[in-house]
Q: 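Before I ask anything, here is the structure I am working with.
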There are 2 protein chains.
Amino acid sequence: MPTTLGQKIKKLRQDKGYSLDDLARETETSKSYLWELENRDERKPSGEKLTNIAQALGVTTDYLLDEKASPDEAVLREAFFRKYNKLEPDDKEKIKQMIDLWGKK
Amino acid sequence: MPTTLGQKIKKLRQDKGYSLDDLARETETSKSYLWELENRDERKPSGEKLTNIAQALGVTTDYLLDEKASPDEAVLREAFFRKYNKLEPDDKEKIKQMIDLWGKK
DNA sequence: ACTAATTTGTTCTATATAGCGAACAAATAT
DNA sequence: ATATTTGTTCGCTATATAGAACAAATTAGT
């Protein structure tokens, strides 16, 4: 299971069969910087780059950044589901992706 | 409806009754920089800052960054919902937040 | 199999800008 | 009227990020 930002990017990229150049082209970033992101843990990319990368890899930025705790309590299921169904297609898709990914970690 | 990153931060912050100093303390950033984020459109904060800010304001980074399209097609609802229920509480909470926010835009 | 060409990954140097601290200004409270 | 809180500006340093050039690996040709 990948845990750092770099590991996640590398895994997702390779799973898609992209080279660094491929991903660089799609994300408006240089391949040298992508390499640093994957291999040097101390990098802190901008939200903009993160957005491009997340999109190219089909995940959300929240998944890449993998935040920490946040207060929790029970969910009202029906209300939840009704709300979900009213979302725009793009947003639905994103929610779905997050659920898929988080379910695996 | 706030549209830029700065507008969103400002609105959320003020709605919570926070001063720039308050938010700065909670998010590991300087108030001067927060001011720039709110008032100068050309700023590009790091994912790290974004994460802190999003958390302090109770939203996701994806909401703050408001990405663009992503491929879409039908969702298998039951599977979807079963998966959702298996998530960790923290993650459930995040999904819920996103749905709430996106439902309003 | 051997080598030349092409693709992929890595390192280095240079530049723009993220992000801070402290000083200043405006507003609000006492 | 003064003190305290809030917002704004400025200059400095660290670091994000690009653009090569270089190295390793892979592919294609003979």
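Since this is a predicted model, take the numbers as computed values, not measurements. Chain identifiers are assigned alphabetically (A, B, ...) following the order of the sequence lines, protein sequences preceding nucleic acid strands; residue numbering begins at 1 within each chain.
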Q: For B/E28, answer base if it contacts any base atom (sugar-phosphate contacts may also be present), sugar-phosphate if it contacts only those atoms, and nothing otherwise; contact means non-hydrogen atoms under 4.0 Å.
A: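 Answer is sugar-phosphate: B/E28 comes under 4.0 Å of backbone atoms only.
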Q: Can you list the steps and then say if A/T4 with A/Q7 is a side-chain hydrogen bond (donor to acceptor under 3.5 Å, both in side chains)?
A: CA-CA 5 Å; A/T4 76; A/Q7 289 175 283; 3.3 Å; yes
Q: Taking donor-acceptor contacts at under 3.5 Å, does the side chain of A/S32 reach the base of D/dG19?
A: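 Side chain to base: pair present.
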Q: Search all heavy atoms of A/Y18 against all heavy atoms of A/R13 and return the closest pair with its distance.
A: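 Of all heavy-atom pairs spanning A/Y18 and A/R13, the closest is O-NH1, 2.9 Å.
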Q: Classify the side chain of B/T29 versus the base of C/dG19 as yes if they form a donor-acceptor pair under 3.5 Å and no if they do not.
A: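 Checked by distance alone, the answer is no.
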Q: Please state how far atom CD in A/E36 lies from atom P in C/dT8, giving the value in whole angstrom units.
A: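 Computing the A/E36:CD to C/dT8:P distance gives 20 Å.
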Q: So, OP1 or OP2 of C/dA18: does either fall under 4.0 Å of a side-chain N or O from B/R43?
A: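 Answer is yes, contact under 4.0 Å.
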Q: When the distance from NZ of B/K49 to C1' of D/dA14 is rounded to whole Å, what number comes out?
A: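 These atoms are roughly 13 Å apart.
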Q: With heavy atoms under 4.0 Å as the rule, sort A/S19 into base, sugar-phosphate or nothing.
A: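 It contacts sugar-phosphate atoms only.
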Q: Drop me the distance from B/L57's CG to B/K8's NZ, to the nearest 0.5 angstrom.
A: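 Answer rounded to 0.5 Å: 12.0 Å.
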Q: When you compare the side chain of A/I95 with that of A/D91, does any pair of heavy atoms fall below 4.5 Å?
A: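 No, every pair of side-chain atoms sits at 4.5 Å or beyond.
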Q: Measure across A/A56 and A/K16 and return the closest heavy-atom pair with its distance rounded to 0.1 Å.
A: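 Smallest interatomic distance, heavy atoms only, reads O-NZ, 3.9 Å.
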Q: Rounded to 10°, tell me the angle between the two end axes of the helix from C/dA1-D/dT30 to C/dT30-D/dA1, each built from five pairs.
A: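 End-to-end axis angle for the helix from C/dA1-D/dT30 to C/dT30-D/dA1: 40°, rounded to 10°.
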Q: Starting at atom CZ of B/R25, determine the distance to atom P of C/dC20, rounded to an integer number of angstrom.
A: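 Atom-to-atom, B/R25 to C/dC20, this comes out as 14 Å.
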Q: D/dA18 C1' sits how many Å from A/W35 CH2, rounded?
A: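 The distance from CH2 of A/W35 to C1' of D/dA18 comes to 16 Å, rounded to the nearest Å.
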Q: Figure out the CG/P separation between B/N39 and D/dT9, and round it to whole Å.
A: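 To the nearest whole Å, that distance equals 8 Å.
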Q: Strictly by modelled atom types, are A/T61 and A/T51 linked by a side-chain donor-acceptor pair under 3.5 Å?
A: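 Judged by distance alone, the side chains do not pair up.
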Q: Should A/R40 be listed as having a side-chain N or O under 4.0 Å from OP1 or OP2 of C/dT11?
A: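 Indeed, a polar side-chain atom of A/R40 lies that close.
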Q: Just checking A/E36: does its CD atom have more than 12 heavy atoms from other residues, nucleotides or ligands closer to it than 6.0 angstrom?
A: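 Enclosed.
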Q: Counting side-chain heavy atoms from CB outward, which of C/dG9, D/dG7, D/dA18 is closest to A/L20?
A: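 The closest nucleotide is C/dG9.
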Q: When the distance from CG of B/N52 to C1' of C/dA18 is rounded to whole Å, what number comes out?
A: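 The answer, rounded to whole Å, is 15 Å.
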Q: Could you pick out which residue, A/K44 or B/Y18, lies toward the 5' side of DNA chain D when each is mapped onto its nearest nucleotide?
A: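 The 5'-side residue here is B/Y18.
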Q: For the CG atom of A/L23 and the NZ atom of A/K31, what is their distance to the nearest 0.5 Å?
A: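 If we round to the nearest 0.5 Å, A/L23:CG and A/K31:NZ are 12.5 Å apart.
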Q: Closer than 4.0 angstrom, basic N to acidic O: yes or no for B/K49 and B/E28?
A: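 No, B/K49 and B/E28 are not salt-bridged.
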Q: Please examine the side chains of B/D21 and B/L34, heavy atoms only from C-beta on, and report whether any two atoms are closer than 4.5 Å.
A: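 No. Closest side-chain heavy atoms not under 4.5 Å.
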Q: In whole angstroms, how far is the C1' atom of C/dA16 from the CD atom of A/E48?
A: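 Distance, rounded to whole Å: 14 Å.
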Q: Whether A/S46 contacts D/dT17 is assessed here as follows: a side-chain N or O lying under 4.0 Å from the phosphate OP1 or OP2. Is that the case?
A: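 It does, given that an N or O in the side chain of A/S46 lies less than 4.0 Å from OP1 or OP2 of D/dT17.
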Q: Assess whether one donor atom and one acceptor atom, taken from the side chain of B/K31 and the base of D/dG7, lie less than 3.5 Å apart.
A: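 Under the 3.5 Å cut-off, the side chain and the base do form a donor-acceptor pair.
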Q: Rounded to whole angstrom units, what separation is found between the CD atom of B/E38 and the P atom of D/dG7?
A: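 Roughly 8 Å, once rounded to whole Å.
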Q: Using nucleotides 2-5 of chain D, report all nitrogen or oxygen pairs with the protein that are shorter than 3.5 Å.
A:
none

Q: Does a nitrogen or oxygen in the side chain of A/R13 sit under 4.0 Å from OP1 or OP2 of C/dG9?
A: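 A/R13 to C/dG9 OP1/OP2: side-chain N or O found under 4.0 Å.
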